[in-house]
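So the structure is just underneath, and the comments pick up after that.
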Amino acid sequence: MNKGQKVNIEKEKCKSCGYCIHFCNKGNLSLSKAVNTRGYLYIEFNDKENKCNSCALCALMCPEAAIEVYKEEKK
Amino acid sequence: MKAVYTKPISLTETANSYCPGCGHGLVHRLVAEVIDELGVRERTIGIAPVGCAVFAYDYFNFDVTEAPHGRPPAVATAIKRCLPDRIVFTYQGDGDLASIGTNEIIHAANRGENITVIFINNAVYGMTGGQMAPTTLEGMKTTTTTKGRDVKVAGHPLRVSELLSSIEGAVYIERVTVIDPANVIKAKKAIKKAFQNQIDKKGFSFVEVLSPCPINWGLKPLDALKFIKEKMMEYFKLGVIKDSTNSKESK
Ligand SMILES: Cc1ncc(C[n+]2csc(CCOP(=O)(O)OP(=O)(O)O)c2C)c(N)n1
Ligand code: SF4
């Protein structure tokens, strides 16, 4: 579901393999401090500097299909 | 905002049971994306193996049945022959396909069954705890080769794709991997072609995926990707191994 962010991560599905962190060219993804209900740290998306270009490399590498990517529509 | 990537419809909401960084989840996703894109979800039937992917029926949002260890090609043959309008594929590990099921896959290929086979080569028996598989690399440590695979005792790792390429009935065989975005895109393209061939009635199509099993390799997920790049790809060369789809009339 689109929650207004470019990258939405379903944290309960995440197993912190780290593929998305590694392949994001913008360094926008990082591991959480808390764990999800299955005991895994999960990935958090933080795009404070608005660098995300919705390339979706994170989603492309996700073995859990836990990442959805959106882009701003041209006005 | 506009969607760039969303979960394929052909995957259920169920969280999978695979270990962190396992290639199975990634390849499931690619198969699901391809089935979505080809618009054949409602007439697709998958056959799950015995191995870590044994629960594939819970993860795919289309019909999936389950075969005894190594026998998915026989079950796929029966289903495809009885229901020729269905899109039938097997999804098998290297213990399943290249060990106990070697006979089945060779004869299904030789009969030229019009099915698609997705072959997950992770160089070990994953589900049972990381024993040597026919595809285990020389010198690679597993729970049954604690000093590394000795080829004098266990033989050399089996290159299944090359083995099958000598068979007339096999029309398309490609080896891919999922270690980075470029390779994931290539892997998806190969999987799509293997399904398109079936739709076009071209015959037996086979995609081997070099796939990480971080847990049983004793490596972190990113190091497992590196292991594929530096070790597995040396021995198991990527690329199209056979493609006679253009010369084959559809039957
Ligand atoms: C007839 C039979 N023999 C042996 C087994 C035990 N067994 C379960 S899974 C497996 C091997 C799985 O390895 P692989 O096919 O490589 O799949 P992975 O788990 O690595 O995905 C074996 C030998 C079994 N279930 N049935
Ligand atoms: S044991 Fe290996 S193949 Fe099985 S789920 Fe874990 S990583 Fe995947």
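Chain identifiers are assigned alphabetically (A, B, ...) following the order of the sequence lines, protein sequences preceding nucleic acid strands; residue numbering begins at 1 within each chain.
Tyr70(A) approaches Ala3(B) most closely through the heavy-atom pair CD2-CA, 3.5 Å. In plain terms, the two heavy atoms of Lys13(A) and Thr12(B) that are nearest each other are NZ-O, 4.4 Å. Taking each heavy atom of Met1(B) and Lys6(A) in turn, the nearest pair found is CE-N, 3.8 Å. What you find for Asn16(B) and Pro63(A) is that their closest heavy atoms are ND2-O, 3.6 Å.
With a 4.5 Å cut-off on side-chain heavy atoms, Tyr18(B) and Cys17(A) do not count as touching. A heavy-atom distance below 4.5 Å is not found between the side chains of Met61(A) and Arg29(B). With a 4.5 Å cut-off on side-chain heavy atoms, Leu60(A) and Tyr5(B) do not count as touching.
Looking at Leu222(B), the atoms closer than 4.5 Å to chain A (heavy atoms on both sides) sit in the backbone and in the side chain alike. For Val178(B), the part lying under 4.5 angstrom from a heavy atom of chain A is the backbone only. For chain B, the nearby part of Ala56(A) is the side chain; its heavy atoms alone come within less than 4.5 Å.
Within residues 181-199 of chain B, the residues having any heavy atom under 4.5 Å from a heavy atom of chain A are, by residue number, Pro181(B), Val184(B), Ile185(B).
Counting heavy-atom pairs under 4.5 Å between each of Cys19(B), Gly25(B), Pro221(B) and chain A puts Pro221(B) at the top. Of the listed residues (Ile179(B), Leu26(B), Asp180(B)), the one with the most heavy-atom contacts under 4.5 Å to chain A is Leu26(B).
Residue-environment remark: OH (Tyr235(B)) exceeds the threshold of 12 foreign heavy atoms within 6.0 Å.
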- Query: Could you walk me through whether Glu13(B) and Glu10(A) pass the side chain to side chain contact (heavy atoms under 4.5 Å, CB included) check?
  - Reply: CA-CA 11 Å; Glu13(B) 288 298 334; Glu10(A) 208 177 321; 4.2 Å; yes
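Residue Lys2(B) holds its NZ atom at 6.5 Å from CD of Glu73(A), rounded to the nearest 0.5 Å.
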